[in-house]
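Here's the structure we're looking at; comments come further down.
Since we're looking at a predicted model, the values are computed, not measured. Residue numbers count from 1 along this sequence.
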Amino acid sequence: MFAALLDLPVRPADACIALAIVLALLVGPRWAARLAGLPAAAVRRALLWMAAAVIVGARLHFLLNYGAAYRGRVVEALLPWGGFHIGGGIIALVLILPWVTRRYGLPLGRFADATAPTVAFGVAVARLGCFLQGCCFGAQCPPEHGIHFPPGAPAYEFHLQQGWIGAAATQSLAVHPLQLYFIAAALGVLAVSWWLSAHKRWDGQVALLALLLFSASTAGLEVLRADIGMRVYWGALPQLTWTALAMTAAASLALLAGAIAHRRSASPRSPHAASLAAPR
């Protein structure tokens, strides 16, 4: 309604990002209370800060790759809508976690673990917006394995611009439904995070595994993204792929370090374990 009055059409991608934030604020505190016994009010306030960080980080990451498209339109580039890359949002989320947990008196590892399913759920809802809008579409593939987009969709316009279809075409060529692949990956992260929450061995394990699964799946799926000729390459690979690979490596190292620290603390020879086992 307000968008129509202001003559600012609401894109499906932006609408689903807003929906993802609202849903995360609704279910996140309940899930955190159920999975880790954390106070819902403090979790909700923390999630608000996290949502803001995700928006800023995802927008900056998008501009890093497609900033050339906003040349001469600085104000439009700084608006908190119009294009996002989730990888940058996740990085911003990781960076703000220590501060936001200290601010609201929440244990960092337990809070990160308890909110991992919520973050994965939000990513899935946001990716639904990509599908409805037709952005982030995949490369061409055999018709039996892909989907077609209608006139006006980014995939259709790109194929038309390349001369692969004519102006009379009623649909784009078949492309990988990359958005649906991303949704499936996010839902997989959600399921694994929820299951591991009841079986984890140390605080932070769930969140780090979720980060590893998210970044590794993103790196793998990015090879199926259509190359529209605007995104930034670092050497032979797109910047998006390098970011996902770097996140995968960082999450792997953090998981390894956490496992080693947990093993040492649980060892009978360690002073910490001995103090826990000593009679009181």
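Side-chain N or O atoms of H148 include one that pairs as donor or acceptor with a backbone N or O of S172 at under 3.5 Å. Checked by atom type and distance alone, the side chain of T101 never pairs as donor or acceptor with a backbone atom of L108 at under 3.5 Å. Using a distance-only test at 3.5 Å, with no hydrogens or angles considered, a donor-acceptor pair links the side chain of Q179 to the main chain of C135. Q205 places a side-chain N or O within donor-acceptor distance of the main-chain N or O of R201, the cut-off being under 3.5 Å. Y156 places a side-chain N or O within 3.5 Å of a backbone atom of A169 that can act as its donor or acceptor partner.
Residue G138 comes nearest to V175 through the heavy atom pair O-CB, 3.3 Å, listed as atom of the first residue, atom of the second, then distance. The shortest heavy-atom contact between T241 and A219 is CG2-O, 4.4 Å. Pairing each heavy atom of D113 with each of A207, the nearest pair is OD1-N, 2.9 Å.
Salt bridge R11/D14: present, at least one basic N to carboxylate O contact under 4.0 Å.
In this structure, F137 and F158 have tilted ring planes: the angle between them lies in the 30° to 60° band. Using cut-offs of 30° and 60° for the angle between ring planes, the H61 and H85 rings count as perpendicular.
Using a 4.5 Å heavy-atom cutoff, the side chains of L209 and F214 are not in contact. Side chains of F111 and Y104 form no contact here, defined as non-hydrogen atoms less than 4.5 Å apart.
With L25 as the partner, the side chain to side chain contact (heavy atoms under 4.5 Å, CB included) test is satisfied by one option alone out of V27, V22, L23, I21: I21.
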